[in-house]
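Structure first, commentary second.
Each chain gets a letter, A, B and so on, in the order the sequences are listed, and its residues count up from 1. All figures in this text were calculated on a predicted structure; none of them were measured in a lab.
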Amino acid sequence: MQEIINRAKELLADGTVARVLGWRIGDLPYNPEPSYFETAEDLEKNFVYDGFCGANLSKYMIEGSKLEGKTLVFLKPCDTYSFNQLIKENRVDREKAYIIGVGCKGKLDVEKIKAQGIKGILSISGAEIEGDAETLTVNTLYGDKTVAYKDAMLERCHVCKGKEHMIFDEEIGESKDTKDADRFAEVEKIEAMKPEEKFAYFQKELSKCIRCNACRNVCPACSCRKCVFDSTKFDSAQKANADSFEEKMFHIIRAFHVAGRCTDCGECSRVCPQGIPLHLFNRKFIKDIDEFYGDYQAGADAESKGPLTSFTFGDVEPGVTGGRR
Amino acid sequence: MSITANEEFRPKIVAFCCNWCSYAGADLAGSSRLTYPADVKIIRVPCSCRVNPMFILRAFEKGADGVIMCGCHPGDCHYSTGNYYARRRMALLFSMLDYIGVEHGRTRVEWVSAAEGVKFSQTMNEFVAKITSLGKNVRLEDLRCRK
Amino acid sequence: MKSEKKQAEMIREISGVNPYKCMKCGKCSASCPSFNEMDIKPHQFVSYVLHEDIESLVKSESLWKCLSCFACVERCPRDVKPGKLIDAARQLVVRQRGETYLSPDEVPELLDPELPQQLLVSAFRRYRR
Amino acid sequence: MQRIGVFVCHCGSNIAATVDVKKVVEMARLEPGVVHAEDYQYMCSEVGQAKIAAAIHEKHLTGVVVCSCSPRMHEATFRKAAEKAGLNPYMVEIANIREHCSWIHKNIEEATEKAVILARAAIAKVNLNAPLKAGESRVTKRALVIGGGIAGIQTALDIADAGYEVDIVEKTPSIGGRMSQLDKTFPTLDCSACILTPKMVEASAHEKINIYTYSEVEKVTGFVGDFTVDIRKKARSVDMTKCTGCGVCQEKCPSKKAPSEFNRGLNNRSAIYTPFAQAIPNVPVIDREHCIKFKTGKCGLCEKVCQAGAIDYTQKDEIITEKYGAIVVATGFDTIKLDKYDEYAYSQSKDVITSLELERIMNAAGPTKGHLERLSDGKPPKNMVFIQCVGSRCSDNRGKSYCSKICCMYTAKHAMLIRDKYPDVNVTVFYIDVRTPGKNFDEFYRRAVEDYGVNYIKGQVGKVAPQPNGQLLVQGVDLIDNKQILMEADMVVLATAIEPDPSVRKIATMLTASIDTNNFLTEAHAKLRPVESPTAGVFLSGVCQGPKDIPETVAQAGAAAVKAIGLLAKDKLMTNPCTAKSDELLCNGCSQCANVCPYGAISYETKLINDHGIREERRVAVVNNALCQGCGACTVTCPSGAMDLQGFSNRQILAEVDAICR
């Protein structure tokens, strides 16, 4: 971490960048937050990069691009896909960003720790970016507990897209191969269900939705200046959630709007306060796109046309595809 | 879904038809007096690519029991490529509806040319029969919209 | 005895033919190998059904002179198929006589290896309705 | 809030018989925004239109809903009427309660309920309509005629005479088309070449006409007034500027086994050929499939004998791109294939021929030099049988459902010509009906019977059986005598149905012009706009639109020319104002819309935007209204909903959805 901080201070000092976009120590040991740093002191005192820094900073560069001078931004390998996609859509200015690709050893989910019955967390060791800890030691009000690092990892890290940064100016740190699950296994499990079961499953999950819009706000693909769900143009402006349809409509349309653009960064599921596995919508579209139109990874480059803005003469017919059980 | 209600059940069906082929096909069905149930109501759009998935979900939200989209045959689009995009969009949307457990068959895409009055009426007859057999749409309806 | 109207309807139902489609081209009669032995000619079958004069049709020579070769059925440009009409008329007579006809599952029992294949096929053609 | 007037049309009894129009009026009154509702017998009539105008004035209407026939029929009519009365024409919407309701439903209660809902949807839409103003686009003062037969030639001549440039694209090596293959024409029996050739010459000499023979339309883009067309000039292998048309190459060409297209394959031609002696241009082409030079690399005889040095084996296909304001389709017809009509033994006997083949046999330049003889043995026939309606008027899947229209007349012509020239030949015609509407047409047919002794038999032929002795046994029926007829014939002539030339399908697709189940191009209105395609700027000439004889074809060709001239005479066209429009405040500038736009109508500009007090430079989409055709592909691609389609906006369509599902 110190290497990162030192490099940031250098770049600030020599005027290469006007500010640093990174993670600031939070009020709890596991909730760092995205933040700008403009001084060496601030960096030294408050910058953090550890296992809890899951936040994808690429979306913040939309605003960052509008600021005077360059911004130094730290991107994990998976975040670079989002950044590329944002370049493709002219939402960020590559010239305004100085990208340091940082290493990643899998990001942690405090909910997974809590789910193991661990309460009253005071501090956590083993989450540091240095070292190769296999276990986390959680110091709690009730004494020390240990959790295997793997068991506390975010879902997305189990299906990691890889250790490579798709775009960067320089790289710092090593990444670790954390992939130990099939990306589409969960989607396939649902696909195999009977319609009633599918419906019951999503009904149960989506009825938890409180329409806090966290998923939308964090999503690097959901970068519209004004969301259609806040717009009067569709008569779909937010209403109170009196019924289950609202969130279905919202989540289907949200997934549809990002279809072919979603890099599967998993931020939506990470931030959902209700723990809804929102990535299952996006991943379904990704799976369908791969199957119908050939493998496609959004953000792998910044030029190619997305699958929904291109076609072939022999594309599958709608409905025929829906017939798969 | 009550089975007993099925006997008097008259489905609400929204059909999006592109102006150049399918709407004309529906006109031809009309001028050829080829009947299909009155449950089908057609909305004219310039091209199948004008059909936003939002429109389809909205129809279901408001209580439609089935939604069908008709366009020119692939290759015959008045705007040359519109229906190709529509085809991809609908393929994904329908797959998603399937995925969240909406009964298969509540949505349909059919390519109907201006000359296919017969096909138009046949398609609508089939679709109405299918929706009638599926019964009322309860999985996507916003109950607040029900009168 | 049922009314003529009913009978005409029966013939249409059995044959599946819409006699109104006839454009009176005569290709059926032109194709018919039994034309000369018939008192009512194939192209006239249609008018008899249209005019609901089933009595005459049923009493005609033609009823039993038709070979069911179906040349008229094949060649009719309007899908009217007079051969099917006369076949239906024969059916009507058979039914009125109270003769029962076979159901498909009774057939295997009655099969005789000596029976010419063609006879079976033609019997099926004739009695399948 | 709009002030909407609802006008329910009875369409005589077309609507009123199945829809309770009074009920529709009554229900419409309850809808929001509706301040006026009435019904009338014929809303499209002058009186009906006047009612709309009166209501617009008296009730200060801001929107109009007409519940009537399809908008494809009378939307323009009602919009014009509203415009005259001072209302923006795009404040008018049509509820289609005829084609989509009264004509297909029998139950009055059901049909009325549906009509009410359709009206409701239209009212809901109009509530959200906004006045739109049509833009302008320029007109390229040049016409393209596809097809160089009599229809295309006539159209081109008429357009050129009005002073506009015309290009004719003909896929064969010469203009002239089917008419050039005919021997004599009914009902005057003048020789076809004698009346056609002068027109061909006139067209080729006309300073405003440019003829591309041996060429095909490859690609069409653009729209009315401004089409861009790629024409493929196939490699002729002969330099048109050098060739003198002396014909020596054809004489000397050693490859003479290619079936002559012009003579319907009844004889052969050389590999380098002009289809016929009067061909225009009189420049041969090398048929590379049959040319020895192209097949083996050896030969090259034509090059040697050509004194003008016109032979060029290296010639390549050439693509010419040209702009046109109007396109006339005149692709003509061919006879149907007879492989499904085995009973007439066409494939079994050389002496069973089609009428078009008979034309070639009768023609002095044909395969038999004009002598009527059997193709099997060259003997003159004694008995000839003509069979009518072969493949026409069929509702089975073998033939065409329509009447080919020209056969009755040309058969009478053939019969008469044969009886005139060979009085000892017996001619029998089997017919279903003799259809001879037209000036001097029935008289013509009667002459064949009364003056020339042609034996007309009402009845069809069931079978033609070639006999071992070379005779054809014809089994037919005489429905009047109620007798079956068995007769021997030396030749049988089949009045084969005609169908649109197969090339029309591809052309129609390129032009996005609609086509019916029989591959005839659809006219914009069967009665009122018979020479226009529903696709603006595309006109129909000749048999590509429906069966026609020569005088009708020429008349229609002229009519199509007039329509094209009417278009070319305009300097500017009003464009469809139902185009896409981007909301600058919502646009992300993400470029996805431009990716799907088929017209390249969307570009991006960096603009200073004031978004509720936030001033910043933003990259936003801008739609070029002259290019945008209003398909709406961009609107669905746009995730933020910034892109919307005027006249079919998101809110309008959602309002319709809501109204229907209510």
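- At a 4.5 Å heavy-atom cutoff, the contact between C:Cys76 and chain D is made by backbone atoms alone.
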Looking only at N and O atoms, which donor-acceptor pairs between chain D and chain C are within less than 3.5 angstrom?
from, atom 1, to, atom 2, distance (Å)
D:Glu343, OE2, C:Lys27, NZ, 2.8
D:Tyr344, OH, C:Lys27, NZ, 2.9
D:Arg393, O, C:Arg78, NH1, 3.0
D:Ser395, N, C:Pro77, O, 2.6
D:Ser395, OG, C:Lys21, NZ, 3.3
D:Ser395, OG, C:Arg78, O, 3.1
D:Asp396, N, C:Pro77, O, 3.1
D:Arg398, NH2, C:Arg75, O, 3.3
D:Gln460, N, C:Cys25, O, 2.9
D:Gly462, O, C:Arg75, NH1, 2.9
D:Gln475, NE2, C:Ala30, O, 3.4
D:Gln484, NE2, C:Ser29, O, 2.5
D:Gln484, NE2, C:Cys32, O, 2.8

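- Pairs of residues two or more places apart, or lying in two chains, that qualify as side-chain hydrogen bond (donor to acceptor under 3.5 Å, both in side chains) and include a residue from residues 441-452 of chain D are D:Thr436-D:Asp442, D:Arg446-D:Glu450.
- Heavy atoms only, all atoms of each residue included: C:Ala30 and D:Gly462 are closest at CB-N, 3.2 Å.
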